[in-house]
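Working notes, beginning with the structure itself.
Quantities reported herein were computed from a predicted structural model and do not represent experimental measurements.
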Amino acid sequence: NMACCACGGGRGGPTPAPTPAPTSLCNDSPAGWYDIDGPFFDCAWYAQSNYCVIYGDSYANNGVTANMACCACGGGRGGPTPAPTPAPTSLCNDSPAGWYDIDGPFFDCAWYA
């Protein structure tokens with residue numbers, strides 16, 4: 001178990017974990033926006049069901065519609081959400097390379113994995 005990465009041996013560092021999906025960089029803009037019909041009809045309301053599709057280009061407040069103001073509707077301010085980083089490949093190498101146990105080359109690190 002000292003030679004093979006699969007058994008906890010080998011050489012190199014531990015495999016770093018992938019990064020989680022980041023939170024959105026988008027902010028509703030203007031902050032606190034609601035449509036012309038009042039504060040009940042804000043970005044949280046438009047984010048429900050398919051309200052962005054049905055009403056998102058209507059009911060502008062000061063010339064701003066939900067589709068312009070709300071991240072949930074494709075508006076708001078900020079950049080796209082970056083993708084999480086994938087799990088990196090292992091930094092471990094079997095050591096010594098080509099190792100096999102006393103019973104012969106068939107029983108190498110790949111066999112023990």
Side-chain angles (χ1 to χ4, degrees):
N1 72 21
M2 294 174 47
C4 305
C5 296
C7 298
R11 288 192 180 197
T15 302
T19 61
T23 57
S24 174
L25 298 176
C26 187
N27 293 301
D28 296 333
S29 179
W33 178 91
Y34 52 86
D35 76 18
I36 195 71
D37 286 336
F40 179 78
F41 301 100
D42 60 4
C43 289
W45 184 86
Y46 277 91
Q48 301 173 64
S49 192
N50 62 346
Y51 295 153
C52 293
V53 174
I54 298 170
Y55 307 111
D57 287 322
S58 304
Y59 307 102
N61 186 354
N62 292 320
V64 181
T65 66
N67 286 346
M68 297 163 68
C70 304
C71 296
C73 297
R77 291 198 183 241
T81 302
T85 58
T89 57
S90 175
L91 300 176
C92 187
N93 294 303
D94 296 332
S95 178
W99 176 90
Y100 53 87
D101 76 10
I102 197 165
D103 292 321
F106 180 78
F107 300 99
D108 60 5
C109 288
W111 185 86
Y112 281 97

Start with the C-alpha gap between D35 and Y55, add the side-chain angles, then the distance that decides, and say whether side-chain hydrogen bond (donor to acceptor under 3.5 Å, both in side chains) holds. CA-CA 10 Å; D35 76 18; Y55 307 111; over 6 Å; no
Roughly how far, to the nearest 0.5 Å, is [atom2] of [Y] from [atom1] of [X]?
X   : Y    : atom1 : atom2 : answer
W99 : Y112 : CH2   : OH    : 5.0 Å
S95 : M2   : OG    : CE    : 9.5 Å
N27 : C70  : CG    : SG    : 12.0 Å

When you measure from the side chain of T65 to the backbone of S58, do you find a donor-acceptor pair of N or O atoms at a distance under 3.5 Å?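 No; judged by distance alone, with no hydrogens or angles, the pair does not exist.
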More than 12 heavy atoms from other groups under 6.0 Å of CG on D103: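 Yes, enclosed.
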Over 12 foreign heavy atoms within 6.0 Å of OH, Y100: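 No - once you tally the heavy atoms of other residues, nucleotides and ligands closer than 6.0 Å, there are 12 at most.
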Tell me whether the rings of W45 and F40 are parallel (<30°), tilted (30 to 60°) or perpendicular (>60°).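 Taking F40 first and then W45, their aromatic rings sit tilted (interplane angle of 30° to 60°).
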Can we say the SG-SG distance for C71 and C43 is below 2.5 Å?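 Cysteines C71 and C43 do not qualify as a disulfide pair, their SG atoms being 2.5 Å or more apart.
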Are Y59 and V53 grouped together when hydrophobic residues (ILVMFWY) are joined by side-chain heavy atoms under 4.5 angstrom apart?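 As far as the 4.5 Å side-chain criterion goes, V53 and Y59 are not connected within one cluster.
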What is the minimum heavy-atom distance between G9 and C92, and which atoms define it?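 Of all heavy-atom pairs spanning G9 and C92, the closest is O-SG, 3.4 Å.
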